[in-house]
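Atoms within a ligand are numbered from 1 in the order they appear, just like the ligands themselves.
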Amino acid sequence: MNTGQVRDWVRAAKHIAVLTGAGMSAESGVPTFRDSQTGLWAKFDPQQLATEEAFRANPSMVWDWYAHRRQAIAKVQPNAGHRALAGFAKRHAGRLTLITQNVDGLHQRAGSEAVLALHGNIAQDRWLDTPRACCNAHAVAAGSPPYCDRCGNMRRPAVVWFGEPLPQSVFAQAEQAAQHCELMLVVGTSGLVYPAAGLARSARGRVAIVNPEPTALDDAADAVLHGTAAKLLPVLLED
Ligand code: APR
């Protein structure tokens with residue numbers, strides 16, 4: 001299967017759903033999670049850093065790790081792949097639904113609107129426990145993490161940790177998009193994390209994967225393009 005064939009599918013599809021993962025931002029300099037050398041989970045234990053239990057057990061270590069990632073992400077730029085998706089959506093209003101597992105905000109910084117961010121946004125934070133009357137997000141006590149100085153409630157990164165549910169309305173919209181698309185582009189994800197990966201399996205339309213490596217979703221694909229997001233998306237999405 002070649003790029004030309006998939007580009008023809010793009011041109012023919014009235015509605016395209018796009019599911020992206022960490023590989024989408026790799027060429028911007030954001031590490032993926034499961035790359036054996038450079039992946040975050042090759043260096044850090046997700047059970048120590050990306051669960052609510054881990055945060056309650058060691059809030060400052062987890063908070064500082066996310067703060068470090070936030071600073072690194074703030075220094076990078078969206079790549080040609082992010083820009084190609086934003087540009088296509090602007091030129092073809094209503095034809096593309098962008099669903100991402102990424103918390104880096106690079107799609108949004110590239111100009112993509114109404115991004116369905118399944119796993120939250122690392123630039124935002126929220127209360128760990130249900131806020132009480134005293135919990136004022138605009139007047140938190142400084143610290144790692146910041147907290148309510150009346151009841152001790154802590155701020156936590158507004159991302160979805162392992163074992164946590166996805167934001168219901170966002171996921172419902174993503175499911176809708178999958179069930180109504182003529183084509184789903186699956187870009188830069190290993191396809192190992194559910195329920196996000198399940199969207200590619202429930203897609204009504206054709207599924208085309210963009211990834212330099214084999215993925216756990218290749219069996220569900222009509223086309224697998226072994227290339228990178230920043231190189232292939234501008235070609236696939238050009239008019
Ligand atoms: N272009 C396209 N794909 C790429 C590129 C690139 N330049 N570089 C790497 N990839 C691919 C890798 O081959 C791999 O298949 O991106 C994929 C990244 O996979 P993961 O690191 O597993 O990231 P992702 O699939 O997004 O992880 C899903 O797991 O850790 C949790 O919540 C986290 O959202 C994340 C979820």
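Within a 6.0 Å sphere centred on NZ of Lys90, heavy atoms belonging to other residues, nucleotides or ligands number more than 12.
No side-chain N or O of Thr32 forms a donor-acceptor pair with one of Asp35 less than 3.5 Å apart.
When all heavy atoms are compared, the tightest approach of Val193 to Arg34 is CG2-NH2, 3.3 Å.
Applying the side-chain contact (heavy atoms from CB on, under 4.5 Å) test between Thr20 and each of Val210, Val186, Asn102 identifies Asn102 as the sole match.
Protein residues having at least one heavy atom under 4.0 Å from any atom of ligand 1 are Gly21, Ala22, Gly23, Ala26, Glu27, Thr32, Phe33, Arg34, Trp41, Gln101, His119, Phe162, Gly188, Thr189, Ser190, Val193, Asn211, Pro212, Glu213, Thr228, Ala229, listed by chain and number.
Taking the six-membered ring where the residue is Trp, His107 and His82 present perpendicular rings, their angle passing 60° and hence far from 30°.
Taking the ring centre of Trp63 as origin, the terminal cationic atom of Arg156 falls outside the region bounded by 6.0 Å and 45° from the ring axis.
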